[in-house]
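One structure is given below, encoded as structure tokens.
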Amino acid sequence: MSITTEDEKSGMQQASDAVAITLKKMREFAKPGISTKELDEYGRKLLEQMGANSAPKLTYNFPGYTCISINEEVAHGIPSADKILKEGDLVNIDVSAELNGYWADNGGSFILGEDIHGHGKLVEASKEILRKAISNIKGGVRISDIGKLIETEAKKAGYTVIKNLTGHGVGRSLHEEPHEIANFCDRYNTARFKKNSVLAIETFISTRSTIAETQADGWTLLGNKGGFVAQHEHTIMVTGGEPVIFTSQNGVWD
């Protein structure tokens, strides 16, 4: 969507606060010994308390209120009573929701407890690459130039990017124009960022894989070459200068 009034901006901020606070509190609630189903149910309660509706449920009838991906899972992990969190797990939580007709999306990867498997460098790279990408977005910038920046920074750090998962427009629905804000330089994409547009910008930084493949359950994505992936995502509004970060309350950069 394109924000044209203060009411629209306020509506986007409220929806973004709901998903950001939910993500932050879910991250704090996660601990070894609980299931991803318990973590998801906690997220559901938080969203409901704020009057928000789970976007994956509304849009796709996803079998969970949030997406929780563990270790080798790249994205769209299904919450399950059988998946028990363990010390050192690489956990990704993606929370998107609708509130009063506005939709917002955010996510983040983190290490549960002590970094016994050495995933911390990957997580930090994803966070910092997202920060750099967002700081370079303004009206008139080519979308492909941001993709090039993400891929270049990933390579510098010794990583690859997932090429078939992208950022996207958001606001009046979960996925809007532009439909693909890729993590690499897509030279066929000549579109530019538009001032006042609302976007979900996300990184998918990988130790090995370049493509995410859907598994037999129809949802869970794994990398084509194995390894691990870290993802971080903010909902922003493009301006003529620094973007407005609607989901800053999620604390992924704290």
Side-chain angles (χ1 to χ4, degrees), residues 19 22-23 26-27 30 34-48 52-86 89-98 103-110 112 119 122 126 160-184 186 199-233 235:
V19 298
T22 298
L23 176 60
M26 285 179 72
R27 197 168 60 237
I34 72 166
S35 70
T36 59
K37 180 74 172 172
E38 286 176 77
L39 184 55
D40 184 60
E41 280 296 314
Y42 178 65
R44 173 185 65 79
K45 287 175 188 169
L46 291 170
L47 288 173
E48 286 179 358
N53 300 293
S54 161
K57 276 278 187 206
L58 276 180
T59 307
Y60 303 114
N61 198 27
F62 180 73
Y65 295 89
T66 65
C67 299
I68 305 174
S69 307
I70 309 298
N71 294 323
E72 290 88 356
E73 295 173 347
V74 175
H76 302 167
I78 299 171
S80 167
D82 297 326
K83 282 186 190 170
I84 307 300
L85 295 176
K86 299 185 291 297
D89 276 349
L90 174 61
V91 182
N92 178 270
I93 303 174
D94 194 302
V95 182
S96 53
E98 176 273 336
W103 300 65
D105 193 357
N106 72 162
S109 296
F110 61 98
L112 190 64
H119 297 309
L122 174 67
S126 175
T160 56
V161 296
I162 299 296
K163 294 192 171 185
N164 63 329
L165 294 175
T166 69
H168 51 89
V170 69
R172 287 299 190 177
S173 61
L174 183 57
H175 291 99
E176 300 180 347
E177 290 283 349
H179 289 292
E180 292 194 354
I181 304 170
N183 279 220
F184 67 99
D186 179 0
L199 311 169
I201 304 294
E202 50 191 321
T203 51
F204 289 96
I205 310 303
S206 175
T207 59
R208 198 178 300 162
S209 292
T210 54
I211 300 292
E213 298 176 333
T214 306
Q215 301 307 294
D217 62 21
W219 294 105
T220 306
L221 296 171
L222 295 181
N224 63 331
K225 297 176 183 175
F228 298 89
V229 173
Q231 177 258 17
H232 290 87
E233 175 182 22
T235 291

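Residue numbers run from 1 in the order of the sequence given.
Residues Thr235 and Asp105 have side chains that never bring a donor and an acceptor to within less than 3.5 angstrom of each other. The closest side-chain donor-acceptor pair between Thr203 and Ser126 falls under 3.5 angstrom. For the 3.5 Å distance criterion, the side chains of Glu98 and Asn53 qualify, holding a donor opposite an acceptor.
Side-chain contact between Glu73 and Leu222: present, with at least one pair of heavy atoms (C-beta onward) separated by less than 4.5 Å. Residues Phe228 and Arg208 are not in side-chain contact: their nearest non-hydrogen atoms beyond the backbone lie 4.5 Å or more apart. Looking only at side-chain heavy atoms (C-beta outward), Val91 and Phe110 come within less than 4.5 Å of each other. Side-chain atoms of Tyr42 and Ile34, non-hydrogen and from C-beta on, never get closer than 4.5 Å to each other. Within the 4.5 Å cutoff, the side chain of Val74 has no heavy atoms near those of the Ser69 side chain.
In this structure, Lys45 does not pair ionically with Glu48, as no charged nitrogen and carboxylate oxygen lie closer than 4.0 Å.
Scanning both residues, Leu165 and Ala75, for their nearest heavy atoms gives CD1-CB, 4.2 Å. Taking all atoms of both residues into account, the shortest heavy-atom contact from Gly43 to Thr22 is O-CG2, 3.8 Å. In plain terms, the two heavy atoms of Met26 and Val95 that are nearest each other are SD-CG2, 4.0 Å. Here the shortest heavy-atom pairing between Ser35 and Ile84 reads CB-CD1, 3.7 Å. Nearest approach of Ala81 to Lys37, heavy atoms of both residues: N-CB, 3.5 Å. Among all heavy-atom pairs drawn from Ser109 and Ala230, the shortest one is OG-CA, 3.5 Å.
Here the CD-CG distance, from Glu213 to Leu221, works out to 9.5 Å after rounding to the nearest 0.5 Å. Here CD1 of Ile68 is found 9.5 Å from CG of Asn92. Values are rounded to the nearest 0.5 Å. Interatomic distance, Ser96 OG to His175 NE2, rounded to the nearest 0.5 Å: 7.5 Å. Residue Thr210 holds its OG1 atom at 10.0 Å from CZ of Phe184, rounded to the nearest 0.5 Å. In this structure, the separation between CG on Asn106 and CD1 on Ile93 is 10.0 Å, given to the nearest 0.5 Å. To the nearest 0.5 Å, the span separating CG on Leu46 from CZ on Arg44 amounts to 10.0 Å.
Using a distance-only test at 3.5 Å, with no hydrogens or angles considered, no donor-acceptor pair links the side chain of His76 to the main chain of Cys67. In this structure, Trp103 contributes its side chain and Arg172 its backbone to a donor-acceptor pair below 3.5 Å. No donor-acceptor pair under 3.5 Å is formed between the side chain of Thr166 and the backbone N or O of Glu180. Asn183 places no side-chain N or O within donor-acceptor distance of the main-chain N or O of Lys163, the cut-off being under 3.5 Å. A donor-acceptor pair is defined here as one N or O able to donate and one able to accept, closer than 3.5 Å; such a pair exists between the side chain of Asn164 and the backbone of Ala212. Using a distance-only test at 3.5 Å, with no hydrogens or angles considered, no donor-acceptor pair links the side chain of Asn71 to the main chain of Asp89. Looking at Ser206, its side chain never comes within 3.5 Å of a backbone N or O of Val229 through a donor-acceptor pair. Judged by distance alone, the side chain of Ser209 and the main-chain N or O of Lys225 form a donor-acceptor pair under 3.5 Å. Here the side chain of Thr220 pairs no donor or acceptor atom with the backbone of Gly77 at under 3.5 angstrom.
For Asp186, the side chain to side chain donor-acceptor pair (under 3.5 Å) test picks out no residue, with sequence neighbours left out.
Between Trp219 and Phe62, the two ring planes are perpendicular [angle over 60°; tilted spans 30° to 60°].
Within 6.0 Å of the NZ atom in Lys86, the count of heavy atoms belonging to other residues, nucleotides or ligands does not exceed 12.
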